Amino acid sequence: MTAPVRHQAARDVIPATTSDSAVEHWHAAVEIRREWLDQGLSTAPADRAGAEDRLAAVYARHSRPRPRFRWVESPRQALPLLAGLPTHDVLQRWVMSRRPPGTPPLASDIAAGLSRLRGALDDGVSHPDLDPPRSARKGKPWPVLPPIEALGAGVPLREVLRQGVRDALRTSLADGFYLPVRGALATYGRLPVAWYGQQEAHWIGYYDMLRRLGFARYGSTDADHLDDWAVLARSCGWWWPGEDVCLVVERPAVVATEPVAGSWHGQVRLRQGGAGPVEYRDGWRPPLNR
């Protein structure tokens, strides 16, 4: 959205007085966002025991026995070990009306379970402070503004939290980290479906923030499922689930970032220029296009 469009959108918002509670909630959300951003970029050694216990819980949730775990130092080091694991194209066939014969791969079950979890977590979000008056906006998109200005202009707290926590963490951890690193592996061929461990914090942190600020009540099963993913985000890097063996990547040794120019929510990207901004524990530096 360009600046003139943002300003025009701001004029369309019903004026409101920024409540002290909304501002307080926003500042608390910023601290939780910072906590999860730090986890997503952490270079501390993996908590292997903690990661393995929660990965075993993910397997059990999908009626699989505890796998054997194989740890590698970088995503590149994992490449020779990925043969036979499903790609996104394979998983897509399992969500079509005419599914392939046989049993779906574990990765398909995990993806479906994660989709159901996010839907259930969304259903658990409800609080009168989150939503605007019924007359506001009438279906128009909310403008993108600096957070305090947005609250003062009548943008609902729910939308400010979505932009400032969920979308901001996704910019930093998905767009800003795992997608370019995954892209650096494209020269080796199509990669199987993976989950990104600490960089999954972009969605985990959002739902955790809503729960910790009292804006969401999740069912006990859903809360336990979210906690499994939260522990994984605090414990390890990427992982590929096979039926018998789960391949897990150590966290990187070096991550150098810089602020995204013009951002309002603490978004970062991998540092531009100089030596590679990411180095894994085996010395691999992803060749990133910059």
Side-chain angles (χ1 to χ4, degrees), residues 29 32-42 44-67 69 71 75 85-86 88 91 105-125 161-162 165-179 181-182 192-213 215-242 246-252:
I32 297 171
R33 182 190 69 202
R34 184 176 295 117
E35 171 191 324
W36 282 106
L37 180 62
D38 289 345
Q39 290 293 336
L41 300 174
S42 174
D47 173 5
R48 295 193 177 196
E52 290 178 7
D53 283 348
R54 292 310 171 113
L55 286 167
V58 172
Y59 272 66
R61 198 176 296 279
H62 299 288
S63 302
R64 265 65 164 199
R66 183 184 180 94
F69 294 100
W71 287 81
L85 295 180
H88 284 90
L91 261 59
L106 173 59
S108 177
D109 288 346
I110 292 174
L114 189 53
S115 177
R116 288 192 293 270
L117 173 64
R118 292 191 190 185
L121 296 177
D122 284 335
D123 290 343
V125 179
L161 293 173
R162 183 188 66 79
V165 178
R166 189 191 69 181
D167 294 355
L169 285 173
R170 177 169 178 82
T171 295
S172 298
L173 300 177
D175 302 334
F177 191 104
Y178 76 69
L179 290 175
V181 173
R182 186 180 176 100
V193 173
W195 278 270
Y196 300 100
Q198 65 192 104
Q199 281 102 45
E200 299 283 345
H202 71 85
W203 66 268
I204 297 166
Y206 174 68
Y207 291 114
D208 179 59
M209 173 273 300
L210 291 170
R211 175 171 59 179
R212 287 163 63 178
L213 295 186
F215 292 139
R217 292 186 177 181
Y218 306 138
S220 59
T221 299
D222 298 327
D224 289 345
H225 197 175
L226 175 61
D227 288 342
D228 288 340
W229 286 90
V231 171
L232 285 173
R234 294 187 176 105
S235 302
C236 65
W238 302 11
W239 52 279
W240 283 270
C246 186
L247 189 62
V248 194
V249 181
E250 260 285 356
R251 288 192 282 214

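Owing to the predicted nature of the structure, the values given are computational and were not obtained by experimental measurement. Note: hydrogens, waters and symmetry copies are ignored here, and every other heavy atom, side chains too, is used.
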Does the pair [X]/[Y] count as a salt bridge with the N-to-O cut at 4.0 Å?
X: Arg211; Y: Asp227; answer: yes
X: Asp222; Y: Arg217; answer: no
X: Arg170; Y: Asp167; answer: no

Side chains of [X] and [Y], heavy atoms from C-beta outward: is any pair under 4.5 Å?
X: Met209; Y: Arg166; answer: no
X: Glu35; Y: Arg212; answer: yes
X: Asp38; Y: Gln198; answer: no

Among residues at least two apart in sequence or on other chains, which ones pass ring pair (Phe, Tyr, Trp, His ring centres under 6.0 Å) with Trp238?
Tyr196
Please name all residues satisfying ring pair (Phe, Tyr, Trp, His ring centres under 6.0 Å) with Trp203, sequence neighbours left out, ordered by chain then number.
Trp229
Report the C-alpha distance between Leu226 and Arg118 in whole Å, list the side-chain angles of each, state the deciding distance to 0.1 Å, and finish with yes or no for side chain to side chain contact (heavy atoms under 4.5 Å, CB included).
CA-CA 9 Å; Leu226 175 61; Arg118 292 191 190 185; over 6 Å; no
Test item: side-chain donor near acceptor, Trp239 and Glu200, under 3.5 Å:
no
Just say parallel, tilted or perpendicular for the rings of Tyr178 and His202, cut-offs at 30° and 60°.
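Tilted.
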Measure the spacing between CZ of Arg48 and CD of Glu250 and express it to the nearest 0.5 Å.
4.5 Å
